Amino acid sequence: MSLVHIALSWHNAETGRETRQRRVSSFDRPIVGIVFPVALFAAWEILVRAGIVEGRLMPPPSKILYTVYALAASGDLATHVGATLRRVAIGFAFGSLAGTALGALTGYSKPLARLLDPTLQALRAIPSIAWVPLFILWFGIFEASKVALIAVGVFFPVYLGVYGAVVGVDRRIVEVGRVFRLSGFELIRLILLPAVLPDFILALRAGLGLGWMFVVAAEGLGYLLVDGQQLGKPDQILAAILIFAVVGKATDSLLLIASAPFLRWRDTHASGI
């Protein structure tokens, strides 16, 4: 057994009990995270009912929640949320896979980075709305163009995060692995992957968030926003925004829960908060 394996085994034995007890900080006290939005909604409701804030263009939370209930009772909410989730899931899968692959390749290979990274950085600066007419011409007006738009939104933050994480791996750690004659696979598994994984999870979260931003142009819940604007229904617009926030946060939390077992080995400042 190499000294690297012995050191890793010793470190795992020393920190095993602590890491088993450690959870993702966002879920240690979930009620705390609800306090601020509830207080904000309560203050909003009071201001509208007291007549301090005009309630026609800024309807109170009670009216917004009733609109959400009406959408759920009619079945429209389930239809729109289901269509949106399906598009985000497919677009996120394609965008994150492409971003991970290209980010890892360009980060690992300097010649490939010199060849591809300038073009990808230029494409990253293109506004999302500019892709819409092109994708409609290429893929039509149905699901393919909408999924492609979301995939583009997911791709760039994932690519940039993975590329930066691979490039930022400490050269001395890699050299230690080479000194102990680790094979290419062992070097990736024992050194590169653990070093990159935290930033990779963060990149996935950023990509997922941007995917939710791009989905507004892909109908689904975005239809409720446009319909509310055209019909002059601020309560429906705010209800759609609220649903976006809740569903988007739920998907981000699921991503955190799924990634937590792979990050339990870390002993960071945030772990003790």
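The structure presented is a predicted model; accordingly, all values stated were derived computationally and were not measured.
Side-chain atoms of F139 and K146, non-hydrogen and from C-beta on, never get closer than 4.5 Å to each other. L242 places a side-chain heavy atom less than 4.5 Å from the side chain of F41.
In the model, W212 has no side-chain atom that pairs as donor or acceptor with a side-chain atom of T84 under 3.5 Å.
The minimum heavy-atom distance between G75 and T79, with the atom names listed, is O-OG1, 3.0 Å.
In terms of modelled atom types and a separation under 3.5 Å, the side chain of S109 and the main chain of T106 share no donor-acceptor contact. Judged purely by atom type and a 3.5 angstrom limit, T67 has no side-chain atom pairing as donor or acceptor with the backbone of A239.
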Step by step, would you call Y159 with D117 a side-chain hydrogen bond (donor to acceptor under 3.5 Å, both in side chains)? CA-CA 10 Å; Y159 164 77; D117 187 63; 2.6 Å; yes
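The side chain to side chain donor-acceptor pair (under 3.5 Å) pairs that include a residue from residues 134-144 are R87-E143, where partners are two or more places apart or lie in different chains. Within the structure, salt bridge (Lys or Arg N to Asp or Glu O under 4.0 Å) contacts touching residues 38-53 (residues at least two apart or in different chains) are E45-R49. Residue pairs that meet the ring-ring contact (aromatic ring centres under 6.0 Å, His included) test with at least one member in residues 89-126, sequence neighbours left out, do not exist here.
Distance check, rounded to the nearest 0.5 Å: CG of L102 to CZ of F156 gives 10.0 Å.
The one candidate from V88, L254, V154 that meets the side-chain contact (heavy atoms from CB on, under 4.5 Å) condition with L208 is V88.
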